[in-house]
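Step one of this worksheet: look at the structure below.
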Amino acid sequence: MEDLYTIKWHGGKVRILDQRQLPNELVLLEISDHRGIVNAINNMSIRGAPAIGIAAAFGVVLSVWSADDTDRPTFLERANTAIKEIKETRPTARNLFWALERMRLVLTRNLNRPLGEIKKALLSEAQRILDDDINRCEKIGKYGAALLPDRAFVLTHCNAGALATGGYGTALGVIRAAIAGGKKVKVYANETRPLLQGARLTSFELLEDDIDVTLIVDSAAGAVMREGKINIVLVGADRIASNGDTANKIGTYSLAVLAKKHQIPFYVAAPLSTCDFDLANGSRIPIEVRDADEVRRINSLLIAPEDVQVYNPAFDVTPNDLIDAIITERGIARPPFKTTLSDLKNKT
Ligand code: MRU
């Protein structure tokens, strides 16, 4: 993944690697206004909680980048509209709201400065969100690598890799760091229906880095555990409540139940920007329900009767009692997460 990137600011525009086309084609989208960012998040050209947050931040920059430097009311209206519209894209990933809040704060703190300077301040903040994210992933990798045995057989779900972040990845960052530290890691990647992030993205980026990866269908997970092929389950997160309840890609909860049954440690890797300390538990995490055609079709090919009813929640919540550790950039939280996560949040 070294030559590839998920998202970048380039000459007044945002470049995004279109994840809908992977692994078949490497297509870079060049986006010049915030509506382009709204579309890219909605249609999943860019996805994964941290990457969505980074895209959101750059979307706010784009909304004012070409604005007239003398018309303050229009400038502010553009920024506020962008924040509002980007907020309405995908509801579950905490990082989206966290990044938009950071952008809003920069806007309000610089309100009285010349508009050209506000533009620059917004761009610096978005770039910092991107750079910090890579840095956080590397730290998560270091902490997480210590949890992996010397010969690790890791089952992962969805894509919590470089493609889902500014780079390096959370769960896949742990795998990268463990390998860099000399451990032997074999990865089993769940394909992750319906949008196949595991098949299309996780297997793609691990193969790019020559990491040993085997793709399985989601429903094989239990059997593969029972065959003794897995000694760690490691996933990312979209939102973590203050008690550790964790929303992640649909199917994660089932994996956690299976891991418990097979006495396999179940770890979540995520930056603290994914933690929602305002939520006491996972029951109020908003769960995105996506279009029925994502289940009825693969690409545009119909694989079910066109009029069959579909329920397509994109995420589920894994209760904290099924989670052995949450790996963050400030260290590892163990149960009781209410205390340990809050300690990490306050750690300087
Ligand atoms: O619907 P997606 O592809 O955005 O879902 C992504 C996931 O569920 C990831 O596991 C999560 O965002 C963590 S990414 C580091």
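Order of appearance sets the numbers: ligands from 1, and atoms from 1 within every ligand. Nothing fancy with the numbering, it's 1 onward along the sequence. Excluded from the calculations below are hydrogen atoms, water molecules and symmetry mates; all remaining heavy atoms, backbone and side chain alike, are included.
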Open item on the list: For atom 12 (O) of ligand 1, what's the nearest protein heavy-atom neighbour? Residue, atom name and distance, please.
Closed with: Ala49 N, 2.8 Å
- [ ] Specify the protein heavy atom at minimum distance from atom 5 (O) of ligand 1: its residue, its atom name, and the distance to 0.1 Å.
- [x] Lys249 CE, 3.3 Å
Open item on the list: Can you tell me if Thr252 contacts ligand 1 (heavy atom of the residue under 4.0 Å from the ligand)?
Closed with: no
TODO: Determine, using heavy atoms of Glu288 and all atoms of ligand 1, whether some pair is separated by less than 4.0 Å.
DONE: no
Open item on the list: Would you call the rings of Trp65 and Trp9 parallel, tilted or perpendicular, taking 30° and 60° as the class edges?
Closed with: perpendicular
Task: Lys229 to Tyr188 six-membered ring, cation-pi geometry met (6.0 Å, 45°) - done: no
Task: Close approach of Ala314 to ligand 1, heavy atoms, under 4.0 angstrom - done: no
Task: Part of Gln197 with heavy atoms under 4.0 Å of ligand 1, whether side chain, backbone, both or neither - done: side chain
Task: Side-chain H-bond candidate by donor/acceptor type, Asp18 with Gln21, under 3.5 Å - done: yes
Name the atoms and distances for all side-chain donor-acceptor pairs under 3.5 Å in residues 338-345, with sequence neighbours left out.
from, atom 1, to, atom 2, distance (Å)
Thr340, OG1, Arg334, O, 2.7
Thr340, OG1, Pro336, O, 3.2

TODO: Among all protein heavy atoms, pick the one closest to atom 7 (C) of ligand 1 and tell me residue, atom and distance.
DONE: Asp238 OD1, 3.2 Å
Task: For atom 13 (C) of ligand 1, the option (of Gly48, Ala164, Ala237) bearing the nearest heavy atom - done: Ala237
Task: Which residue and heavy atom of the protein sit nearest atom 9 (C) of ligand 1, plus the separation - done: Asn248 OD1, 3.4 Å
Task: Spacing of Arg136 atom CZ and Leu272 atom CG [to the nearest 0.5 Å] - done: 7.0 Å
Task: Test item: side-chain donor near acceptor, Arg47 and Thr6, under 3.5 Å - done: no
Open item on the list: Can you confirm whether the side chains of Lys139 and Asn135 place a donor and an acceptor under 3.5 Å from each other?
Closed with: yes
Open item on the list: For atom 15 (C) of ligand 1, what's the nearest protein heavy-atom neighbour? Residue, atom name and distance, please.
Closed with: Thr170 OG1, 3.2 Å
